[in-house]
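Since the structure comes first, as structure tokens, the remarks are kept for the end.
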Amino acid sequence: MDARQLDGLYARLWRAYGPQNWWPTTDVDNPRFEILIGAVLTQHTAWTQVEKAIATLRAAGPMTPDALLAYGQQLPELIREAGPHNIKAKRLQTLCRWFVDNGGFEVLDARATGDLRAALKSCRGIGPETADAILVYAFDRPQFIADAYAFRIFERLGLWSAPRHYESLRECVEQAAGPRDSQHFNELHALLVAHAKRCCRKRVPACLECCLYDRCAFAASQHAPRPGRAT
DNA sequence: ACCCAGGGTCATA
DNA sequence: TATGACCATGGG
């Protein structure tokens with residue numbers, strides 16, 4: 001994967017889907033903290049479910065780390081609709097404890113990206129992808145989020161064939177992208193998710209409605225035609 | 001009745 | 001290091 005291929009993909013995604021305005025938040029007072037919560041809640045869980053859990057949390061009280069910690073053992077019930085809620089309640093409270101103990105945004109904003117990333121990952125339940133999502137959307141750091149959608153799309157475009165190792169794809173894309181603004185990675189990830197949801201579903205292995213085919217919004221793409229298909 | 005979702009951890013071998 | 005089980009609710 002080189003810069004031309006990556007830029008070409010980005011341009012086609014942008015043309016097809018336009019600005020995604022991520023990360024979606026509902027809290028006008030402290031949207032940044034809500035991103036941390038949403039990043040944990042959305043682990044292996046549909047975003048529609050996360051919205052419900054966040055709405056329940058907001059109805060219960062302020063979305064602050066202290067409030068979430070104070071819920072104690074009743075936090076799981078408040079986020080019940082977000083998939084594995086018992087585990088996620090613990091992860092949220094671990095993250096809240098870390099956030100408070102490390103001085104909140106005021107202090108965290110001053111830390112170098114690599115250091116901040118390592119600190120986030122030291123929390124149980126915060127893996128590489130969740131850490132990068134938080135870095136991009138809550139801390140405006142330029143990181144590529146190498147999620148399952150990214151692997152699926154890059155594989156189907158012939159831009160990735162190695163094993164699905166998170167750091168490998170992240171480094172490869174960041175290398176190809178070159179020096180970029182956080183907004184670029186913000187939009188790139190959101191566009192990949194938008195495209196995956198629209199026409200790269202998991203159960204369509206041949207990618208019949210994906211960008212390799214004329215019927216898709218990506219039809220004008222410049223990548224090589226599919227083998228066995230008329231040019 | 002399945003498969004899947006904006007993952008991560010832990011126990012095995 | 002590399003799989004598999006597990007979490008657990010709701011939509012397609």
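Since the structure is predicted, the reported quantities are computational estimates derived from the model, not experimental observations.
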Query raised in the report: Is a donor on one side and an acceptor on the other found under 3.5 Å between the side chain of A/Glu34 and the backbone of A/Thr25?
Result: no

Requested in this report: Provide, to the nearest angstrom, the distance between the CG atom belonging to A/Leu41 and the C1' atom belonging to B/dG6.
Outcome: 12 Å

Query raised in the report: Could you spell out the base pairing of DNA chain B in dot-bracket, with Watson-Crick or G-U pairs whose two distances are under 3.5 Å, [ ] crossing and | to another strand?
Result: .||||.|||||||

Query raised in the report: Which nucleotide in the list B/dG8, C/dG10, C/dA8 gets nearest to the side chain of A/His44?
Result: C/dA8

Report task. Let me know, please, whether A/Thr48 or A/Asn86 comes out on the 5' side of the other along DNA chain C by nearest nucleotide. Result -> A/Asn86

**Report entry** Separation between the P atoms of B/dG8 and C/dG10, rounded to whole Å
**Finding:** 23 Å

Requested in this report: For A/Gln73, look at atom CD and say whether over 12 heavy atoms of other residues, nucleotides or ligands are found less than 6.0 Å away.
Outcome: no

Query raised in the report: Quick one: is A/Arg164 getting a side-chain N or O under 4.0 Å of the B/dG7 phosphate, OP1 or OP2?
Result: no

Report task. Check the surroundings of atom CD in A/Gln183: do more than 12 heavy atoms from other residues, nucleotides or ligands lie under 6.0 Å from it? Result -> yes

**Report entry** Face-on cation placement of A/Arg32 at A/Phe105 ring, 6.0 Å and 45° thresholds
**Finding:** yes

Query raised in the report: Taking the C1' atom of each, how far is B/dA5 from C/dA2, in whole Å?
Result: 24 Å

**Report entry** P spacing across the pair C/dT3 / B/dG6, given as an integer number of angstrom
**Finding:** 25 Å

Report summary line: Closest to the side chain of A/Glu81, out of B/dA5, C/dG10, B/dG8, is C/dG10

Report task. Please tell me which of the listed nucleotides, B/dA5, B/dG8, C/dG10, lies nearest to the side chain of A/Ala46? Result -> B/dA5

Query - Phosphate OP1/OP2 of C/dG10 contacted by A/Thr45 side-chain N/O (<4.0 Å) - result: no

**Report entry** base_contact_polar (C/dG10 base, A/Lys52 side chain, donor-acceptor, <3.5 Å)
**Finding:** no

Query raised in the report: Which listed nucleotide (B/dG7, C/dT9, B/dG6) is nearest to the side chain of A/Arg80?
Result: C/dT9

